[in-house]
Amino acid sequence: MAVAHILLGLLLLLPIAVVAGLSSLKALAQLPFRTLLVGLFMTALPMGILLAGLRALWRLTPRAIRTLQIADTLVVVCAIVLCGFGALALQTAGESAARGGGLLGAFGLIPLALG
């Protein structure tokens, strides 16, 4: 269970690292403050999952199990929100396509797939 949380945390951190350009610290230093702030919020959940997995790997106590359960609950809540946002974006894209627009409607599939 701990190893699965560690792998999930690393998997969730990977796209954030690629988007933020963490391949070099020089590129990171040139990002605007708002982008860094959003990146901080985006890394909070994956880092929490990773740390909970590492803690459970070190010593599996009732408190560590509870921490893993909280991390799992947060992941499920985020997945539900992403699926809802994706479904809403696809519905809006359909309405936009009926009026002659809707060129970017397929972008609603991205949060739906992530959820």
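- In this structure the side chain of L50 never reaches within 4.5 angstrom of the side chain of H5, judged on heavy atoms.
- Here the closest non-hydrogen pair linking G9 and I49 is N-CG2, 4.0 Å.
- Taking CD1 of I70 as the reference point, atom CD1 of I65 lies at 12.5 Å (rounded to 0.5 Å).
- Looking at every heavy atom in both residues, T67 comes nearest to A52 through CG2-CB, 3.7 Å.
- There is a path of hydrophobic side-chain contacts, each under 4.5 Å, that joins L54 to V3.
- The heavy-atom pair separating A64 from A56 by the smallest distance is CB-CA, 4.2 Å.
- Of the inter-residue distances, the one linking Q69 atom CD with L74 atom CG reads 12.0 Å to the nearest 0.5 angstrom.
- Of the candidates V77, L82, V76, V76 is the only one forming a side chain to side chain contact (heavy atoms under 4.5 Å, CB included) with I80.
- Linking ILVMFWY side-chain heavy atoms closer than 4.5 Å, directly or via other members, places L7 and M47 in a single hydrophobic cluster.
- When the side chains of ILVMFWY residues are joined at heavy-atom separations under 4.5 Å, either directly or via intervening members, W58 and I6 end up in two distinct hydrophobic clusters.
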